[in-house]
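Okay, so here's the structure we're looking at.
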Amino acid sequence: MRVLKYFRAPSSLRHRSSPMAQFLRRFSSSPMANEDEFQSPVEPSQQQSQDCVSESYLIGFVIANIVGLKYYSGRINGREMVGLVREPLNVYDNNAIRVLNTRSEQVGHIERTVAAVLAPMIDSHTIVVEGIVPNTRSNSNRYRIPCQIHVFAKLEASSTVKSTISRGGLVLISESDTSFGLSEAVVVKEQMGNGDKRSVDKIFKLVDENVKLMGKLVAAEPPREVIKSELFAHQKEGLGWLLHREKSGELPPFWEEKDGEFLNTLTNYRSDKRPDPLRGGVFADDMGLGKTLTLLSLIAFDRYGNASTSTPTEEPLDGEGDKIEKKGKKRGRGKSSESVTRKKLKTDDVVGMNVSQKTTLIVCPPSVISAWITQLEEHTVPGILKVYMYHGGERTDDVNELMKYDIVLTTYGTLAVEESWEDSPVKKMEWLRIILDEAHTIKNANAQQSRVVCKLKASRRWAVTGTPIQNGSFDLYSLMAFLRFEPFSIKSYWQSLIQRPLGQGNKKGLSRLQVLMATISLRRTKEKSLIGLPPKTVETCYVELSPEERQLYDHMEGEAKGVVQNLINNGSLMRNYSTVLSIILRLRQLCDDMSLCPPELRSFTTSTSVEDVTDKPELLQKLVAALQDGEDFDCPICISPPTNIIITRCAHIFCRACILQTLQRSKPLCPLCRGSLTQSDLYNAPPPPPDSSNTDGEDAKSSTKSSKVSALLSLLMASRQENPNTKSVVFSQFRKMLLLLETPLKAAGFTILRLDGAMTVKKRTQVIGEFGNPELTGPVVLLASLKASGTGINLTAASRVYLFDPWWNPAVEEQAMDRIHRIGQKQEVKMIRMIARNSIEERVLELQQKKKNLANEAFKRRQKKDEREVNVEDVVALMSL
DNA sequence: ACCGCCGGGTGCC
DNA sequence: ACCGCCGGGTGCC
């Protein structure tokens, strides 16, 4: 019987999997022997649409044994997900289903009786399966372990699937018995409409934010011996990122180290073997930002390199030292025949570092080859980087020949042709690095090219593309497979961890994808990049308070310190968070102008007791009123100026509709601080004073100019003297301050425009248009609230920016500057921060710096969920207690 | 004995 | 695998 089966195998395959070959593979522990165990990203039979995944729902699960454990090195601990991969070319059973662990190591097979039922349905895309191993402790059999196979199918196919499974003699444990399954299916269906497309736009959101907020990008200079062109700032930052990704020894995303063990938090895989760091990633800058030059700069380091730059220094390169070292003879011949002097080579040899392979393989579409050549000629010192064209006509079949070059250029087509050529030198070579240019061409639809590049051997892998996602997030799967980013490089894991949750509108899918891309990819868009912009300078202008202001400020600060110290002493600081914020707010307002803080609010001790305001709604209302005419803010849910303002017990502010909807939909928690929150914790804000601008105007007239206002005025006048046509923007976070500024500036002869959160969208665009209008000449000042100037607003008509008060968050300040310093800006830009001396404002600056540093040194710790914008420690620093 | 039964060899697909 | 299954050895009580 067994003999018969053996002969049924296609003869073309027999040599690959002859019993002897199997025997060798089984009992050889050499890593090389596992090379052909590597899973290609696309099984030949599964190339078509992946859409079925998103419309599927869980029909139920069957229990099946994973068998053959003793023949494979992959281990599992139980309570973890496994990858199920069809193996149609298995000689013993074309229904075979392989079981892989998080590390892509094979654990075993699904027992054949079960595979026989499931495999045909998998192949016809009728079902999708996911495997979970419940627990191995109770059932510690060395030869087989049970596994839950979850079966997903389209709603309309479910009855067929169910009967096929039971006819095959399997027991389907179905949740629809409890009527839960079906209702879930309906929900899933409804959410389908806006599933993938909209999410895709968000995938890279975190990438941007991460880069911006964490300031992770550290510029690096390419070696001058190789690269003769000066890089743009964003290219230097890109280079710094590439270097960082290649050298960093940090754990890949979703891995944690826990008492010497390494845990994959998504699959629950545990092992004491450290997962390899991901040396490489997705370089996804927009087209036209100079990715090619940046990559050439990276390659230049292989030759003249080293980190005499500002790049972070990390662990030594190459964890695969042993493996490659064994092939010493190859390296010797390849490199010593090169006569070019290499300073770095020596150093490396002394340190004992592995330098065996310095060749980078670049794969690109044929049309792009000439671009690489042009860039090489244009930007590199002639004769330094040696390039071999492995494309077209005559190509060497000698690996050693290829090793002589720094760069081997080839095309996807060439590789595809060589797929079946065993002795292809490109396939035999162990590259230092592989760069897939225009990597989106290997997306899932192009199975052959995907397969080929995935099998290439290299310790650093880069996917380079300006359009990482064309047909949906599934495109990214091909890149993961190429990067060998475990476990996502196994389709089954990708599907269950990312694709299915995403398709079902499950937040986990998107957030996982965001985290994933944030750590392994870099994407800057053309719009945000700063190519060829005139320089910008940032200055700080310190303002001395007048004696009168000083006296009031010192008095208030003294009082504030007392109040806060009291709260700290009796441990109720955080319970009185709202009080503290309003105290700090008052102090900050005083630095701008005393009239921001009306006389009745000039004492903290009278109106604010030690008890929290939350127990006194009338005080809360006062706070609301103060906030409302004071700080400019957005509803964090809809990210626009709030309508029908609601303030919560925990002092967060939302639109009425937004927060009510949120509370209804999810748990009764505040979306910002996650404190418990019910409808009774919501307080209405009093209706906004409709003619506030009129009364404010009167106020301004009656009061004299504050020190800061005077300082601003003289700065503006000095700039006007220099160039009467300079347009300026003044940002303040206090709406009232912007109103106060109008009168004195008008009086000094400036044309005033105003942009604030209370304006309609239409009005705002009108103001911005007017400000940018070249016919509006003379000294023009735009008084703007930053939050009102949403993203994408263009204020490049201005060349001076005044930040009238400092923001907590340095990124917000940066955003403000970006409105002016962006593409289209023709003049040099000067930014001036206005800071009151010896005041809380100086400490806000320090806080800014601290936050920046924190982000720099520990960017991997993304902001903790409960971290407030300002914490206890910050309060202590701000109050200089 | 074209059976039953014994006990060794063996073990994924 | 302290199992099941296979197939050879064996054969009254």
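Labels below follow one simple rule: chain letters A, B, ... track the order of the sequence lines, proteins then strands, and each chain is numbered from 1.
- Between A/E105 and A/K273 there is a salt bridge, with a side-chain nitrogen of the basic residue lying less than 4.0 Å from a carboxylate oxygen of the acidic one.
- Annotation: B/dC2 and C/dC13 have their C1' atoms spaced 25 Å apart (nearest Å).
- In this structure, A/R103 and A/S271 have side chains that are in contact, with non-hydrogen atoms separated by less than 4.5 Å.
- Pairing of B/dC3, defined by two Watson-Crick or G-U wobble distances under 3.5 Å, is identified with C/dG11.
- Using P as the reference atom, B/dG4 and B/dG8 are 23 Å apart when rounded to the nearest Å.
- The pair A/E422-A/K427 does not count as a salt bridge, with every side-chain nitrogen at least 4.0 angstrom from each carboxylate oxygen.
- A straight line from CD1 of A/I145 to C1' of B/dC12 spans 13 Å, rounded to a whole angstrom.
- Between the side chain of A/D93 and the base of B/dC13, no donor-acceptor pair of N or O atoms lies under 3.5 Å.
- We find that CZ of A/R144 is positioned 14 Å from P of B/dG11, with the value rounded to whole Å.
- With sequence neighbours left out, A/T265 forms a side chain to side chain donor-acceptor pair (under 3.5 Å) with no residue at all.
- Summarising the geometry, the separation between CG on A/L100 and P on B/dC12 is reported as 18 Å, rounded to the nearest angstrom.
- Across C/dT10 and C/dC6, the matching P atoms stand 22 Å from one another, rounded to whole Å.
- Put simply, A/Y143 has no side-chain N or O that comes within less than 4.0 Å of OP1 or OP2 on C/dA1.
- When rounded to the nearest whole Å, the span between OH of A/Y72 and C1' of B/dC12 equals 6 Å.
- Residue-to-nucleotide contacts include no donor-acceptor pair under 3.5 Å from the side chain of A/Y71 to the base of B/dC13.
- A/R142 has its CZ atom 8 Å from the C1' atom of C/dA1, to the nearest Å.
- Look at CD1 on A/I66: it is 13 Å from P on B/dC13, rounded to the nearest Å.
- A/I97 comes within 4.0 angstrom of no nucleic acid atom, judged by non-hydrogen atoms across all strands.
- A salt bridge links A/R451 and A/E419; the closest N-O separation between the charged side-chain nitrogens and carboxylate oxygens is under 4.0 Å.
- B/dT10 atom C1' lies 9 Å from atom NZ of A/K70, rounded to whole Å.
- In this structure, A/R98 atom CZ and B/dC13 atom P are separated by 15 Å, rounded to whole Å.
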